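As structure tokens, the structure follows; a few thoughts come after it.
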Protein chains: 2
Amino acid sequence: MTQAVRHDSMRARNLGVVLHEIRRSGPITRAALAEITGLTKTTVSKMVGDLLGGGMVVESGALREGERGRPGTAVSLSGDRVAALGLEIGVDHLSACVVDLTLSVRLRRTQAVDNRSTSPVETLHHLRKLAHRAVDEARSKGLVIAGSTLAVPGPVDDGLLRAAPNLGWRDVRVGDLLDFPVTVENEANLAALGELWFGSGHDDFLHVSGEANIGAGLVVGGALFRGARGHAGELGHVIVSPGGPACHCGGRGCLEQYAGQEALLKAADVLGGIPELVERLRGGETTALRACDRAGQALGVALTSAVRLTDPGAIVLGGIFAPLFPWIGGRTRDMLTARLAGTRQAVPGLGVSRLGGAAATLGAAGQVIHRIIADPGAHLTTTRPGTA
Amino acid sequence: MTQAVRHDSMRARNLGVVLHEIRRSGPITRAALAEITGLTKTTVSKMVGDLLGGGMVVESGALREGERGRPGTAVSLSGDRVAALGLEIGVDHLSACVVDLTLSVRLRRTQAVDNRSTSPVETLHHLRKLAHRAVDEARSKGLVIAGSTLAVPGPVDDGLLRAAPNLGWRDVRVGDLLDFPVTVENEANLAALGELWFGSGHDDFLHVSGEANIGAGLVVGGALFRGARGHAGELGHVIVSPGGPACHCGGRGCLEQYAGQEALLKAADVLGGIPELVERLRGGETTALRACDRAGQALGVALTSAVRLTDPGAIVLGGIFAPLFPWIGGRTRDMLTARLAGTRQAVPGLGVSRLGGAAATLGAAGQVIHRIIADPGAHLTTTRPGTA
DNA sequence: ATGTTAAGTCCAGAAGATGGATTAAAACGG
DNA sequence: CCGTTTTAATCCATCTTCTGGACTTAACAT
């Protein structure tokens, strides 16, 4: 429900509005901030003062544009103090990254671990060590880690990883196995948010994160759409052909049976991984090309349904679909264009994510930063209790 | 963007919070309101006073539950003053309804008009007369119409009806043809909202409004999901079978080709309308039964995809699917259950709307009421300018 | 030099929420 | 049956936060 605005929450909210605007509009003077937010110069000045004190923004010198009057001193986000830790448990790797308030990636560590063969306790032991190393290194750069988020390959309910079929995990309360507070979230969702904050700059798009299974994250107006129970975006089990091959989900003809990593490699008759498939595609091998054609068509059908239902502004392909795009994208785009042409609905652009495998980890760190920017007051009071 | 909270908007917002809570928690004392909203008793008292003055709530006598102390005087929404007008242009009818603040339907008028054969100007002339009669009648009951919304059978962009294929209309600025301010909105969306406010009481569901074309409205957390451009919910053109019959949208095998009104009647070999089809189904006619089987299966396939993508809490069938439910629902439910069984995703309940054809008109009026409750301050100042 | 313009700060004041004291109305208990 | 307890609602002084105009500062124009 909409919460009541108390006096202090009004301040917190406005502080967030100001900081958000500083982020959005780059170096900007207090006067311009006042104009944009609708607050008075007085109020903005006081808030900027607090943010300066908390090390969240810096004055970046006079800003003059040949105008007549006194030049304003611009303020912008500071990347020197506040930072966030993003973590990811993948099927065959662990990774961590540290991102500062300006969303600059300050450090990144990846470690190959085959998590299919290890228990949650063991995996999380490795992750803990990785995280500690990252935090120490960030600290040596003068950064303070304000929080962390962990990306996991499966649906999450309130901190509980419900099922990660590719890890063989079920109902693991992942956060409790670490010795620092962490938010746990679905990898597909975080990859979409990674694309939002570190990617092409769209505000409305459907991000397809084809890893071992095909997930999708829908971003509308800069916010993630989660559905009623948080399980939205299961693009992999959208039905492409109702009479198609049986799927482990109980259905038949799910997208995953045509364009999932496993199905694709099998159809292409490739025993290795995606890199080998790409190799063969480059070599023009017919079986491989035909498998990608089929996958591209199936993806087009599934995305057509997705567009009808969710009306995304654009479509961004990530995960395995990024390297395969040259051999898949054409079919997919043709399918979409043909099937959406007859209505007034605009055909969303189809593109590739440039983030590669880092999308989810970046999204995880970005989520922490995003929360701080939305409510800087909380961060100011928790980190500087004696300064009020 | 999140807007800055100025001093006056804080008051407006809290007034909305209080009124919302009065609506949600029925007759409730000021003390309980203070506890729930987190505001102080003083603040709540003052606000309730203003709302009483504006005729939006009434004191409904002492509320005593055998407790020890002084009994509180409960306040609840008043249905005696503020009301809203809901309008609808259908393919073969116009309708209007008046709903008061308590969401009680105070009056309803429907008029059969074949809008396929008339121009927008002509149709809206009829609608205007219908609306005026409704407003007059409401006024004679002491009600004040605070606003109106109009449901139209097609996608709307910012007041512009983009296309209504079943009316043969295109790019009509509907609101300008009436002599009172009106919000224009897609019929499928409003039907979903009608179901939300006047229906079964769910807060998360997908409402399927099968009229001439099949639309769907997704409600999540009590709010309508519109997608990036407001065209989400086109369930009728979700692909059921990629090689199926061609559809006017440019695709093949869209749901509408199996379960749309036209396709269904044709497959059942019925020349009349849905009532005749129901008649034949009751008589056990094989062609009709088989057509419904096929439609039910197709609907199940499309809904499976929709569930995967949007994770609705429940599914509510409205429009033509309500009367046909006994012959369609079983197949649809089987399909959903079978195809969702293998994952942890809960199977959403499948039910029928009890609102019949009135859903969209009710939703239209409800939207106005909902806005007033969210921001009663605006209404109080516009209707009682001298009382501040 | 002097005027003009705009940025940023200062300060009195208004709007609105807060918290404790007070009054009001019921139930309980001897 | 009357005092005690308990809770509701209001009153009032206070506090917080934003507001709006006055003031100071810094650059450019003439």
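Chain A is the first sequence line, chain B the second, and so forth, proteins listed ahead of strands; every chain is numbered from 1. All values below were derived from every heavy atom in this structure, side-chain atoms included, with hydrogens, water molecules and symmetry-related copies excluded. Just so it is clear, the structure is predicted and the values come from calculations on it, not from any experiment.
Rounding to whole angstrom units, CZ of residue B:Arg68 and C1' of D:dA8 are separated by 15 Å. Look at CZ on B:Arg13: it is 22 Å from P on C:dA15, rounded to the nearest Å. Rounded to whole Å, the distance from CG on A:Leu39 to P on D:dT17 is 14 Å. Atom pair A:Leu33:CG and D:dC18:P shows a separation of 14 Å (rounding to whole Å applied). Here C:dA17 presents its C1' atom at 10 Å from CG of A:Asp8, a figure rounded to the nearest Å. For A:Ile28 and C:dA7, the CD1 to P distance is 11 Å, given to the nearest whole Å. Computed from coordinates, the A:Met47 CE to D:dT17 C1' distance equals 8 Å when rounded to whole Å.
Comparing A:Arg70 and A:Gly38, the nucleotide of DNA chain D nearest to each residue sits closer to the 5' end for A:Gly38. Nearer the 5' end of DNA chain D, as judged by each residue's closest nucleotide, is the contact made by B:Arg30, out of B:Arg30 and B:His7. Comparing A:Glu59 and B:Gly69 along DNA chain C, the residue whose closest nucleotide (by nearest heavy atom) sits nearer the 5' end is A:Glu59.
Separating the OG1 atom in B:Thr37 from the CE atom in B:Met47 is a distance of 8.5 Å, to the nearest 0.5 Å.
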Next item on the list: Apply side chain to side chain donor-acceptor pair (under 3.5 Å) to the pair B:Glu195 and B:Ser200, showing each step before the final yes or no.
Entry: CA-CA 7 Å; B:Glu195 182 64 30; B:Ser200 47; 3.3 Å; yes

Note to self: As a quick check of understanding, evaluate salt bridge (charged side-chain N to carboxylate O under 4.0 Å, His left out) for B:Glu59 and B:Arg30, giving each step before the final call.
What the structure shows: CA-CA 10 Å; B:Glu59 293 192 322; B:Arg30 293 166 174 80; 2.7 Å; yes

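In this structure, A:Leu101 and A:His379 have side chains that are not in contact, with every pair of non-hydrogen atoms separated by 4.5 Å or more.
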